[in-house]
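Only one structure is covered here, and it is reproduced in the block below.
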Amino acid sequence: MLGTKVFSLEQLERAVVTFTAHAVAKLRQQASLANCLQVFPRTSLFSPGDSYSGSRIIALPYSTDDTRDLFQAATFWP
């Protein structure tokens, strides 16, 4: 949950990067690695109008705790 409304793809990407950075910090604290990640944007349940809910699981080519690799995977929108 973002806490503020997001109106552009740029704002959404910044939010995803922020959440990814927190997740990477937790990985390192646990001495863990990620081999995939999931991104699932959706509109607020309380917003009027059309809603959106999507999900994507990104498999990584190798297990990592490298912030750059996870940022790149999390912000790739085909």
Side-chain angles (χ1 to χ4, degrees):
M1 189 160 52
L2 301 178
T4 59
K5 291 186 178 185
V6 172
F7 295 98
S8 70
L9 183 57
E10 181 179 303
Q11 290 174 316
L12 179 60
E13 285 181 346
R14 278 193 301 235
V16 169
V17 165
T18 300
F19 277 88
T20 303
H22 290 292
V24 170
K26 288 180 181 182
L27 280 174
R28 291 190 182 135
Q29 287 174 352
Q30 298 172 3
S32 298
L33 301 172
N35 61 9
C36 69
L37 60 92
Q38 181 177 18
V39 178
F40 47 96
R42 76 174 198 191
T43 55
S44 171
L45 298 174
F46 306 104
S47 293
D50 294 337
S51 63
Y52 172 81
S53 180
S55 177
R56 166 163 254 147
I57 296 174
I58 300 101
L60 302 171
Y62 49 86
S63 297
T64 185
D65 66 356
D66 188 317
T67 306
R68 296 166 298 177
D69 293 338
L70 293 167
F71 281 174
Q72 184 178 11
T75 58
F76 174 72
W77 306 100

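We use all heavy atoms of the structure for the numbers below, so side chains are in, but hydrogens, waters and symmetry mates are not.
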Note: Tyr52 and Pro41 closest approach over all heavy atoms is CE2-O, 3.7 Å
Could you measure the distance from the CZ atom of Arg42 to the OG atom of Ser51? Nearest 0.5 Å is fine.
9.5 Å
Taking every heavy atom of Ala74 against every heavy atom of Val39, the minimum-distance pair comes out as O-CG2, 3.8 Å
Should Thr20 and Thr75 count as side-chain neighbours, where that means a heavy-atom distance under 4.5 Å?
no
Establish whether Phe71 and Leu33 are linked, either directly or via other cluster members, by ILVMFWY side-chain heavy-atom contacts under 4.5 Å.
no
So if you build clusters from Ile, Leu, Val, Met, Phe, Trp, Tyr with side-chain heavy-atom gaps below 4.5 Å, do Phe7 and Leu9 land together?
no
What distance do Asn35 atom CG and Ile58 atom CD1 have between them, rounded to the nearest 0.5 Å?
12.0 Å
CG-CD distance between Asp65 and Gln30, expressed to the nearest 0.5 angstrom
11.0 Å
Do Leu60 and Asp69 pass the side chain to side chain contact (heavy atoms under 4.5 Å, CB included) test, and can you show the C-alpha distance, the side-chain angles, and the key distance before you say yes or no?
CA-CA 9 Å; Leu60 302 171; Asp69 293 338; 5.8 Å; no
Here the pair of heavy atoms bringing Cys36 nearest to Ala59 is CB-CA, 4.0 Å
Going by side-chain contact (heavy atoms from CB on, under 4.5 Å), Val24 matches just one of Asp66, Leu70, Thr64. Which one?
Leu70
For the atom pair CZ (Arg56) and CG (Leu37), what is the distance rounded to the nearest 0.5 Å?
11.0 Å
